[in-house]
Amino acid sequence: MDHLSTSFDEAWARFQALDSLRLVPDTLEGEWARGRAKYMAFLVPVDDPAARGHISRLLGRIAGIPGVEPYPRSYWHLTVKGVGFRVPRPAQPDELSPETANAIADAARDILAREPAFDTQLGLVSAFEGVVFAEAQDGGRFAAMNAALLDNIPSLARYQYDAPNFLPH
């Protein structure tokens with residue numbers, strides 16, 4: 001990612017200016033993940049029937065575009081925070097041992113359990129360079145959870161797209 005989009009409008013404008021699309025094999029196992037362990041992340045599953053209906057309608061509008069292949073319904077989610085690759089012997093900054101992964105999960109459980117319920121409105125289709133998504137309008141709540149995890153769990157990987165630049169999707 002050469003440039004970080006800090007608003008949905010900017011992300012969409014950058015996507016529209018791309019010379020080519022990045023196809024599914026490059027997003028599901030892109031350069032950053034190729035040949036590595038499974039990536040761990042904190043995700044909120046989208047299981048609300050109205051939200052799933054909205055996503056289905058959005059997908060119906062873009063399904064005919066060559067190269068667009070939706071993630072399976074079972075993987076529809078809102079992202080809170082990327083964690084990293086769980087490996088037996090970490091060697092990269094974004095890798096963590098099973099013990100560290102368990103400690104992060106325990107700490108996150110306590111942090112996220114304090115978060116009160118809130119509404120999120122799924123909106124327009126937008127895109128980053130490698131993925132099309134539905135914008136999540138949430139009054140800053142997902143970014144706040146992202147920041148709370150970063151502020152309270154020093155072992156979490158820090159990415160350029162984390163809070164304060166986090167765009168919920």
Side-chain angles (χ1 to χ4, degrees), residues 1-18 22 24 26-47 51 55 70-71 75-87 89-169:
M1 181 182 308
D2 294 335
H3 176 78
L4 178 65
S5 295
T6 57
S7 73
F8 288 125
D9 289 340
E10 183 181 349
W12 184 246
R14 291 187 60 74
F15 177 74
Q16 288 181 307
L18 291 174
R22 185 175 292 182
V24 167
D26 289 330
T27 62
L28 291 177
E29 190 176 310
E31 305 83 45
W32 66 280
R34 192 161 286 125
R36 299 178 78 186
K38 291 224 182 230
Y39 190 74
M40 297 172 47
F42 293 110
L43 308 173
V44 175
V46 175
D47 52 16
I55 293 169
Y71 286 130
Y75 189 60
W76 291 358
H77 64 273
L78 293 164
T79 302
V80 176
K81 171 72 184 102
V83 176
F85 296 93
R86 181 179 170 161
V87 298
R89 289 176 294 289
Q92 304 289 331
D94 61 353
E95 294 178 343
L96 47 143
S97 69
E99 296 78 22
T100 300
N102 290 339
I104 288 172
D106 290 341
R109 185 177 299 109
D110 292 340
I111 294 163
L112 297 175
R114 295 190 295 260
E115 288 293 321
F118 62 93
D119 291 328
T120 300
Q121 182 176 355
L122 297 180
L124 301 172
V125 168
S126 191
F128 298 133
E129 181 180 342
V131 65
V132 176
F133 60 87
E135 295 177 1
Q137 305 297 332
D138 66 347
R141 296 299 300 274
F142 275 94
M145 286 189 293
N146 181 283
L149 291 169
L150 288 167
D151 290 346
N152 292 287
I153 307 175
S155 55
L156 269 177
R158 268 67 176 160
Y159 300 110
Q160 66 177 354
Y161 47 79
D162 279 325
N165 300 314
F166 187 77
L167 291 177
H169 59 285

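Within 6.0 Å of the CD atom in Gln121, the count of heavy atoms belonging to other residues, nucleotides or ligands does not exceed 12.
Scored by the salt bridge (charged side-chain N to carboxylate O under 4.0 Å, His left out) test, Asp106 finds Arg109 as partners (sequence neighbours excluded).
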Test log, rule side chain to side chain contact (heavy atoms under 4.5 Å, CB included), inputs Leu122 and Ile55: CA-CA 8 Å; Leu122 297 180; Ile55 293 169; 3.8 Å; yes
Test log, rule side chain to side chain contact (heavy atoms under 4.5 Å, CB included), inputs Val80 and Phe142: CA-CA 6 Å; Val80 176; Phe142 275 94; 3.7 Å; yes
Worked verdict on Asn146 versus Thr79 for side chain to side chain contact (heavy atoms under 4.5 Å, CB included): CA-CA 9 Å; Asn146 181 283; Thr79 302; over 6 Å; no
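The NE2 atom of His77 lies 13.5 Å from the CZ atom of Phe42; values are rounded to the nearest 0.5 Å. A distance of 10.0 Å separates CZ in Phe85 from CG in Leu96, rounded to the nearest 0.5 Å. Considering CD1 of Ile104 and CG of Leu156, their distance stands at 4.5 Å, rounded to 0.5 Å. For the atom pair CE (Met145) and CZ (Phe166), the distance works out to 8.0 Å, reported to the nearest 0.5 Å.
Between Tyr159 and Tyr39, the ring-plane angle classifies as tilted under the 30° and 60° cut-offs.
Side chains of Asp110 and Asn152 form no contact here, defined as non-hydrogen atoms less than 4.5 Å apart. Residues Arg89 and Ser97 form no side-chain contact, since every pair of their non-hydrogen atoms from C-beta on lies 4.5 Å or further apart. Taking 4.5 Å as the limit, every side-chain heavy atom of Asp47 sits out of range of all side-chain heavy atoms of Trp76.
Contact between Val83 and Ala157 at its shortest, heavy atoms only, is O-CB, 3.8 Å. When every heavy atom of His169 is checked against every heavy atom of Ala136, the shortest pair comes out as N-CB, 4.2 Å. Of all heavy-atom pairs between Ala108 and Ile153, the closest is N-CD1, 3.7 Å. Taking both residues in full, the closest heavy atoms of Ala163 and Ala143 are given as CB-O, 3.8 Å, listed atom of the first, atom of the second, then distance.
Each salt bridge (Lys or Arg N to Asp or Glu O under 4.0 Å) pair with one or both residues in residues 138-160, not counting sequence neighbours, appears once here: Glu115-Arg141.
At distances below 3.5 Å, not a single donor-acceptor pair connects side-chain atoms of Asp162 with backbone N or O atoms of Lys81.
The ring of Phe133 has its center no closer than 6.0 angstrom to the ring center of Tyr71.
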